Amino acid sequence: MEGELLAQQVLNGLTIGSMYALIALGYTMVYGILQLINFAHGEVFMVGSFAGLGVLLLVERIAPGAGLVPALILALLAAMAAAALLGMLVERLAYRPLRHSPRLSLLITALGLSIILQNLVMLLVGTEDRAYPDRFTEALQEGFDVGAVHVAWQQLLTLGVALAFMGALTWMVRRTRLGKAMRATAEDPITAGLMGIEADRIVALTFAMGSALAAVGGVLFGLNYSINFFIGTQAGLKAFIAAVLGGIGSLPGAVVGGLLLGLIEALGAGYVSGTWKDVFAFVILAVVLVFRPAGLLGRPVVEKV
Amino acid sequence: MRAMILRVLMVIVPLILPALLLALPQGEYQLDVAMTVLLYVALGVGLNVTVGLAGLLDLGYIAFFGLGAYATAILMHGGPAQAEALGGWTYWMAVPAAVAVAGFAGLLIGLPTLRLRGDYLAIVTLAFGQIAKLTENNWDALTNGPQGMEVAKPVLFGFELRAGWQLYYILLLFVWIILWSVRNVNKSSVGRAWVAIREDEIAAASSGVNVPRTKLLAFVMGAAIAGLVGSFFAVKQGFVSPPSFDFIETVTILAMVVLGGIGSLPGVVLGAAMLAALPELLRSLPDMLGLGGQFDVTPYRMLLYGTAMVLMMAWRPEGLLPDAHRRAELHPDASGEAPDGSGEVRA
């Protein structure tokens, strides 16, 4: 029994952890280039989750018998597109005009934006919990048993999709011209500009990609749990902790941090206490900040003068 | 001259306000609104020390307020079960304890965080706010969980102070103490160190300012002020429960500070008065216009605050009633020379 409980919790932890990782990537990408914590990122995740819900509801209305897989792919793509647009809009309207302002102004703007997004969604869809259509969630709750451990399709799907997108992002950043331009801009925006890389475009694309990944996390979240206008705050906070744990600015760090945080939370909830589950993440944040502020995989931060 | 008049107004008006308000119809209610405004002024001034004077974004501010309130409740009455060993303090003994508890919490949060970049403080304090609320909700033995705790009114020389105007004067006394101490600290060498840090941390450090310690002082002072106001809130409401200490309240107070003018004491007073009184004014607006009914602004309140923050940062980051020095910092081109001595990109 002991071993099975452990295996089940590890599986649950990796599932939620892969969602944290997807959101954490957005934080870390933006931070790598602008040294800005994009507070509105959690809300982009939430909007992406609702966009996915909207598409699935629309599919149910127009073509009630549509196949599960095409409908899910459509929802995923639409949510990614919506979130990418939102991310670019946020960057263009709120962050770009303030790029030369004191950091406090940027932080306050970011906070203001996340409050605006949250409340717009609340006014649009109301405060109650919403669930993705039963047809999708029920089909995904099935699965198979390995001994006493139940592996649900949705857990496999979440892990698979998340890992696929993380792989694609890593490939893009390491191997493509665009990725090279992003790394150059993160290293030194002025020099990169002298080499003909347009920093504004790279920043906009970074926001778009980070937001699209958050939307993937949002749709996966919606398939696993019910959603409301408030999910962005908690998920954003956890994902940020994951990014710090892994080392903010480091892409592999975000993935490792996300999975690790998911595991710690699931094991903590299973073996210590479910009520205090959320405290574990914060304790980890405090410990990392005190003993290793650069995170597990991050480079030590050297303040540039 | 203008400053003189302002100062006199700030003393006289609040002193005679209860008499004026109680003469109005629904006087008790009006006085209660005035107390709410004053409460937010006090909280705004405290947050302004952290955000405005030291330039640190504290998103767990309301948790310090909550700590002050809960500390007062628990010290006066003890917790529901195991914590009965506590309790039995008078209100006047509980007040300094509440301030100390909140300040000490600020020290614990600030010590590891303030060595790092400013952004971390925002997130860590946000997380602290969540933990505090979780604790208030779940630590039944100490806080009675979601049901909350009753708190008695303060007693002075054997008289129970329960009338609105009596509580009002306690609050006014607290507000004056807060304003007076913040003003004095800001005018001391500590205040000048804050300015130096805001403008350029490295230059400040090179000039012998102990940057982490000076930041920590601002953060702890803000937390302690929140604790003091919290201890008043507990007895004023006669009840403490977790929903009073939600993140939304931190946002509300921050919106007040931003609107009035970050770093400016008169600005914060104005911002707090505006935003605290606004929902009340809007509520009765349709009635005054003869349209009947009431306009409840509550669903749109947060949307307005968020929008106000974004717009103010884009167009008038110094706020409506700015501090002169602060305005110069934020508009380097207007005053001819940049206060940080550069027009360069700050990455």
Side-chain angles (χ1 to χ4, degrees), chain A residues 31 33-37 39 93-94 97-120 122-123 127 188-190 199 233-234 236-238 240-241 244 248 273 275-279 281-283 285-291 293 301 303-305, chain B residues 51-52 55-57 59 108-109 111-113 115-124 126-128 130-131 134-135 137-138 198-199 201-202 247-248 250-251 254-255 257-258 262 299-315 317 329-330 332 340 343-347:
Chain A
Y31 192 90
I33 289 194
L34 289 181
Q35 280 79 47
L36 162 78
I37 295 175
F39 262 102
L93 292 181
L98 290 182
R99 212 169 288 164
H100 304 304
S101 303
R103 304 197 60 77
L104 182 65
S105 302
L106 272 166
L107 285 172
I108 291 175
T109 302
L111 177 68
L113 272 175
S114 78
I115 293 163
I116 292 176
L117 286 174
Q118 214 177 80
N119 283 274
L120 279 180
M122 185 196 79
L123 291 173
T127 52
D188 185 342
I190 297 171
T233 308
Q234 189 76 328
L237 204 52
K238 296 282 179 65
F240 174 81
I241 293 173
V244 172
I248 195 148
S273 147
T275 328
W276 298 95
K277 182 182 129 226
D278 291 333
V279 174
F282 300 135
V283 171
L285 177 67
V287 170
V288 171
L289 287 182
V290 172
F291 294 106
V301 193
E303 285 275 336
K304 287 181 205 161
V305 180
Chain B
V51 177
L56 305 164
L57 190 54
L59 294 180
L108 284 185
I109 307 287
L111 214 50
T113 325
R115 293 178 301 141
L116 306 164
R117 300 180 60 103
D119 314 30
Y120 281 99
L121 186 75
I123 297 277
V124 171
L126 183 63
F128 167 66
Q130 303 244 350
I131 295 189
L134 202 69
T135 310
N137 260 319
N138 290 331
R198 271 183 349 233
E199 292 196 351
E201 267 192 47
I202 296 158
F247 177 57
I248 284 180
T250 299
V251 175
L254 186 65
V257 172
V258 167
I262 299 175
Y300 309 99
R301 217 180 55 163
M302 296 312 291
L303 195 61
L304 288 176
Y305 293 169
T307 315
M309 281 186 202
V310 174
L311 293 183
M312 290 303 284
M313 284 303 116
W315 280 305
E329 285 171 35
L330 288 164
D340 63 348
E344 261 184 58
V345 184
R346 273 199 241 168

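Not measured: the values here are computed from a predicted model. Naming convention: chains lettered A, B, ... in sequence-line order (proteins, then strands); numbering from 1 in each chain.
- Considering every non-hydrogen atom in both B/M309 and B/V258, the closest pair reads CA-CG1, 4.3 Å.
- Proximity to chain B (any heavy atom under 4.5 Å) is shown, for A/L117, by neither the backbone nor the side chain.
- With a 4.5 Å cut-off on non-hydrogen atoms, A/I108 touches chain B through its backbone and its side chain both.
- Heavy-atom distances place no part of A/Q118 under 4.5 Å from chain B, backbone and side chain included.
- For the pair B/M302 and A/I115, the tightest heavy-atom approach, listed with the atom from each and the gap, is O-CG2, 3.4 Å.
- Residue A/L98 touches chain B through its side chain alone, counting heavy-atom pairs closer than 4.5 Å.
- Using a 4.5 Å cut-off between heavy atoms, A/I37 contacts chain B through both its backbone and its side chain.
- When heavy atoms are compared at a cutoff of 4.5 Å, B/F128 does not approach chain A at all.
- Across A/A281 and A/K238, no two heavy atoms sit closer than the pair CB-CD, 3.8 Å.
- Considering only residues two or more places apart in sequence or on other chains, B/L311 meets the side chain to side chain contact (heavy atoms under 4.5 Å, CB included) condition with B/T307, B/W315.
- Neither the backbone nor the side chain of B/I109 comes within contact range of chain A; no heavy atom of the residue lies under 4.5 Å from a heavy atom of that chain.
- For A/T233, the part sitting under 4.5 Å from any heavy atom of chain B is the side chain, from C-beta outward, and nothing else.
- Between A/L111 and A/F39 the shortest heavy-atom distance is N-CB, 4.1 Å.
- The shortest heavy-atom contact between A/L113 and B/V310 is N-CG2, 3.7 Å.
- In this structure, B/T135 has no side-chain hydrogen bond (donor to acceptor under 3.5 Å, both in side chains) partners at least two apart in sequence or on a different chain.
- Interface remark: B/L111 contributes no atoms to any contact with chain A (heavy atom separation under 4.5 Å).
- Chain B forms the most heavy-atom pairs under 4.5 Å with one residue out of A/L106, A/I248, A/T109, A/L93, and that residue is A/T109.
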Open item on the list: B/L254 vs B/L57, test: side chain to side chain contact (heavy atoms under 4.5 Å, CB included). Steps then yes/no.
Closed with: CA-CA 9 Å; B/L254 186 65; B/L57 190 54; 3.9 Å; yes

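- Interface remark: A/L237 contributes side-chain atoms only to the contact with chain B (heavy atom separation under 4.5 Å).
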